[in-house]
Amino acid sequence: MTDRQEGFRGWASDRKGAVSRLRFTSLRLRLVVVFGLVALTAAVSASGIAYWLNREAVLTRTQDAVLRDFQQEMQNRAGALPVHPTQDELQRTAGQMANSSQRFSVLLVGQDGNGKTVYGSSDGLSAFALDDVPTSLRKAVDKQQKVTDSNKSTYHLYWQRVVDHGTPYLVAGTRLIGGGPTGYMMKSLEPEAKDLNSLAWSLGIATGLALIGSALLAQAAATTVLKPVHRLGVAARRLGEGKLDTRLRVSGTDELADLSRTFNDAAEALEKRVDDMAARDDASRRFVADMSHELRTPLTAITAVTEILEEELEAESGSMDPMIEPAVRLVVSETRRLNDLVENLMEVTRFDAGTARLVLDDVDLADQITACIDARAWLDAVDLDAERGIHARLDPRRLDVILANLIGNALKHGGSPVRVSVRIDGEELVIAVRDHGPGIPEDVLPHVFDRFYKASASRPRSEGSGLGLSIATENARIHGGSITAANSPEGGAVFTLRLPRDASALTEESKDGGNTGDAGAAGEPGAAGEKDA
């Protein structure tokens with residue numbers, strides 16, 4: 001792989017990790033979002049309340065000062081006017097009233113001696129006019145109130161806030177009691193509006209800063225909380241990978257520290273349990289291996305004796321006593337069965353100990369299968385469908401063991417004719433062994449490759465030991481292949497062997513070491529495995 005490809009893969013991995021950390025199911029993101037929402041809600045609520053209180057305070061203060069000043073001016077200056085003033089008098093008085101400390105516009109409305117309505121405005125005749133006063137406010141000002149114990153005045157001061165071309169104004173009006181002009185006042189609230197806008201911007205900026213601060217605080221809190229969780233996840237993955245010495249550093253007395261201590265206790269207990277099981281497993285394998293080796297020596301002598309007895313049985317001289325002939329045949333058969341069982345146990349022990357090795361060679365599949373069938377005198381019972389010229393780099397002896405077990409098993413439990421077919425599937429060899437028997441019961445299929453498994457408990461002394469298919473599976477696995485069992489739709493069982501065409505692509509452990517003297521009886525002519533089903 002080139003450096004560019006390595007860099008691209010690294011970038012893709014980092015990007016994938018960043019995306020996984022930012023997905024909404026991430027606890028980190030959820031903490032940040034929750035902190036942000038809480039901070040945003042609190043900041044917006046506080047800012048809204050502060051803005052509303054300040055707004056009311058500013059407007060009420062300004063409004064009260066203006067209305068108080070306007071009312072005072074109406075009493076002092078407008079009250080000094082005659083009942084029927086002239087327009088000049090109204091104009092002059094309105095100008096004097098507008099020069100008060102609050103600087104508002106004034107409009108006075110009265111009737112002269114001829115009953116004509118006259119106006120006087122502080123800003124001139126074209127400035128503040130009666131049309132600028134809301135109709136509802138004018139009606140309220142002109143309405144005469146009934147005098148009661150709680151109401152001592154026939155006319156009152158009324159006010160209203162209006163907006164004209166985007167500028168807020170305070171408009172107020174009142175009428176002199178006992179006769180005289182009606183006065184209206186208009187005061188611009190633009191300075192107060194600017195102050196309130198500045199306040200709103202300040203509160204908005206404060207809300208944004210609070211939101212940013214809450215996000216940073218949430219990130220810090222998430223890092224503090226999730227860092228131990230991340231370490232726990234890494235440790236759990238290492239523990240799952242078989243690194244049982246993995247431990248977490250415990251600091252603090254909080255719940256996360258308790259979780260780390262619990263993990264360490266569990267990992268320690270698991271390591272001790274696995275060590276105990278490994279020790280017992282090693283002891284069991286050593287026992288089987290030692291027992292097999294110890295049995296092999298007397299079995300060699302017994303086998304030699306049984307071969308002589310077998311020759312006597314087959315001799316035409318008839319020297320064997322007919323009374324003991326059945327017993328001799330039983331001894332010969334059971335001795336051969338015991339010898340095969342010991343050899344199979346030794347083979348299984350090598351697989352468990354990891355000492356089994358491949359001795360690779362170029363193999364012609366058709367020739368190899370033909371040799372296996374011919375050596376066991378199965379030519380008449382087996383139909384071979386394999387083209388010559390299909391070569392593979394495999395271990396010939398172990399391939400022979402696999403084929404002998406599968407074909408022998410089919411002949412014993414399925415019945416002839418047995419069909420063996422070979423095909424190529426990409427970089428794999430596929431060898432199918434099909435019989436024409438009743439097939440394998442569905443409840444037996446998952447167990448046919450288990451050691452010592454026999455489908456019928458009523459056949460504990462069948463010829464098979466239950467190790468043949470297990471050994472065949474191990475030989476396939478050491479090549480990097482597999483064996484599967486199924487029932488054919490046309491009837492009968494089908495065992496499918498898949499092997500790589502070149503087993504030298506396996507690890508050095510599988511390729512090197514050569515033959516370690518593990519040529520057991522399972523590879524010898526006539527040694528077929530059993531499914532005992």
Side-chain angles (χ1 to χ4, degrees), residues 347 356-437 449 468-469 471-506 510-511 514-515 518-531:
E347 183 81 354
R357 297 291 183 267
L358 293 175
V359 182
L360 300 178
D361 196 3
D362 288 328
V363 176
D364 185 303
L365 268 297
D367 292 342
Q368 179 71 22
I369 298 173
T370 301
C372 174
I373 296 172
D374 186 42
R376 293 161 178 82
W378 293 339
L379 287 176
D380 294 336
V382 178
D383 180 15
L384 177 60
D385 180 14
E387 296 181 3
R388 294 190 177 276
I390 300 178
H391 290 269
R393 186 164 178 78
L394 303 168
D395 187 329
R397 188 191 67 80
R398 294 189 181 279
L399 179 60
D400 183 78
V401 171
I402 298 172
L403 295 172
N405 276 286
L406 296 181
I407 298 173
N409 192 72
L411 289 172
K412 180 188 296 184
H413 300 287
S416 59
V418 173
R419 182 178 178 82
V420 181
S421 60
V422 180
R423 61 184 176 87
I424 299 175
D425 185 8
E427 294 299 320
E428 285 187 331
L429 295 171
V430 181
I431 302 175
V433 179
R434 177 193 168 194
D435 60 47
H436 287 76
F449 298 107
L469 289 180
I471 292 174
T473 302
E474 293 292 340
N475 278 304
R477 183 191 58 80
I478 199 174
H479 279 89
S482 63
I483 304 176
T484 57
N487 288 316
S488 174
E490 292 90 10
V494 179
F495 285 81
T496 304
L497 168 65
R498 289 181 173 271
L499 295 175
R501 296 193 67 178
D502 188 0
S504 60
L506 300 176
S510 298
K511 292 190 293 183
N515 193 347
D518 56 345
E524 296 173 359
E530 312 84 3
K531 68 181 177 184

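- Panel note: side chain R501, backbone H391; a donor-acceptor pair is recorded below 3.5 Å.
- Distance CG/D502 to CG/L360: 8.0 Å, rounded to 0.5 Å.
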Inset, instruction - For V420 and D385, run side chain to side chain contact (heavy atoms under 4.5 Å, CB included): C-alpha distance rounded to whole Å, both residues' side-chain angles, the deciding distance at 0.1 Å, then the answer. - result: CA-CA 6 Å; V420 181; D385 180 14; over 6 Å; no

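- Of all heavy-atom pairs spanning F495 and L469, the tightest one is CE2-CD1, 4.0 Å.
- Partners of E490 by side-chain contact (heavy atoms from CB on, under 4.5 Å), not counting sequence neighbours, listed by chain and number: R434, S488.
- Rounding to the nearest 0.5 Å gives a distance of 14.0 Å between CG of L403 and CZ of R398.
- Screening L394, N475, I483 for a side chain to side chain contact (heavy atoms under 4.5 Å, CB included) involving L499 leaves a single residue, L394.
- S482 pairs by the side-chain contact (heavy atoms from CB on, under 4.5 Å) definition with R498, not counting sequence neighbours.
- Summarising the geometry of P500 relative to G481, their closest heavy-atom pair is CD-N, 4.1 Å, with the distance given to 0.1 Å.
- Every side-chain contact (heavy atoms from CB on, under 4.5 Å) that T484 has, sequence neighbours left out, goes to T496.
- The closest donor-acceptor contact from the side chain of D395 to the backbone of V359 lies under 3.5 Å.
- The side chain to side chain donor-acceptor pair (under 3.5 Å) test applied to E427 returns no partner, not counting sequence neighbours.
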Inset, instruction - Output, in order, the C-alpha distance, side-chain angles, deciding distance and verdict of side chain to side chain contact (heavy atoms under 4.5 Å, CB included) for I402 and I431. - result: CA-CA 11 Å; I402 298 172; I431 302 175; over 6 Å; no

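- A404 and W378 get closest at one heavy-atom pair: O-CH2, 3.7 Å.
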Legend entry - Derivation of the side chain to side chain contact (heavy atoms under 4.5 Å, CB included) call for D400 and R376: CA-CA 11 Å; D400 183 78; R376 293 161 178 82; 2.8 Å; yes

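- Looking at heavy atoms from C-beta onward, L497 lies out of side-chain contact with V433 at the 4.5 angstrom threshold.
- N409 places no side-chain N or O within donor-acceptor distance of the main-chain N or O of N405, the cut-off being under 3.5 Å.
- D383 meets the side chain to side chain donor-acceptor pair (under 3.5 Å) test with R419; sequence neighbours excluded.
- Across every non-hydrogen atom of A392 and L429, the tightest pair is CB-CD1, 3.3 Å.
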Check residues 362-373 and write down every donor-acceptor pair under 3.5 Å in which the side-chain atom is one partner and the other belongs to a residue at least two apart or another chain.
unit_1, atom_1, unit_2, atom_2, d
D364, OD1, A366, N, 3.1
D364, OD1, D367, N, 3.3
D364, OD2, G389, N, 3.3
D367, OD1, R388, NH1, 2.1
Q368, NE2, P396, O, 3.1
T370, OG1, A366, O, 2.7

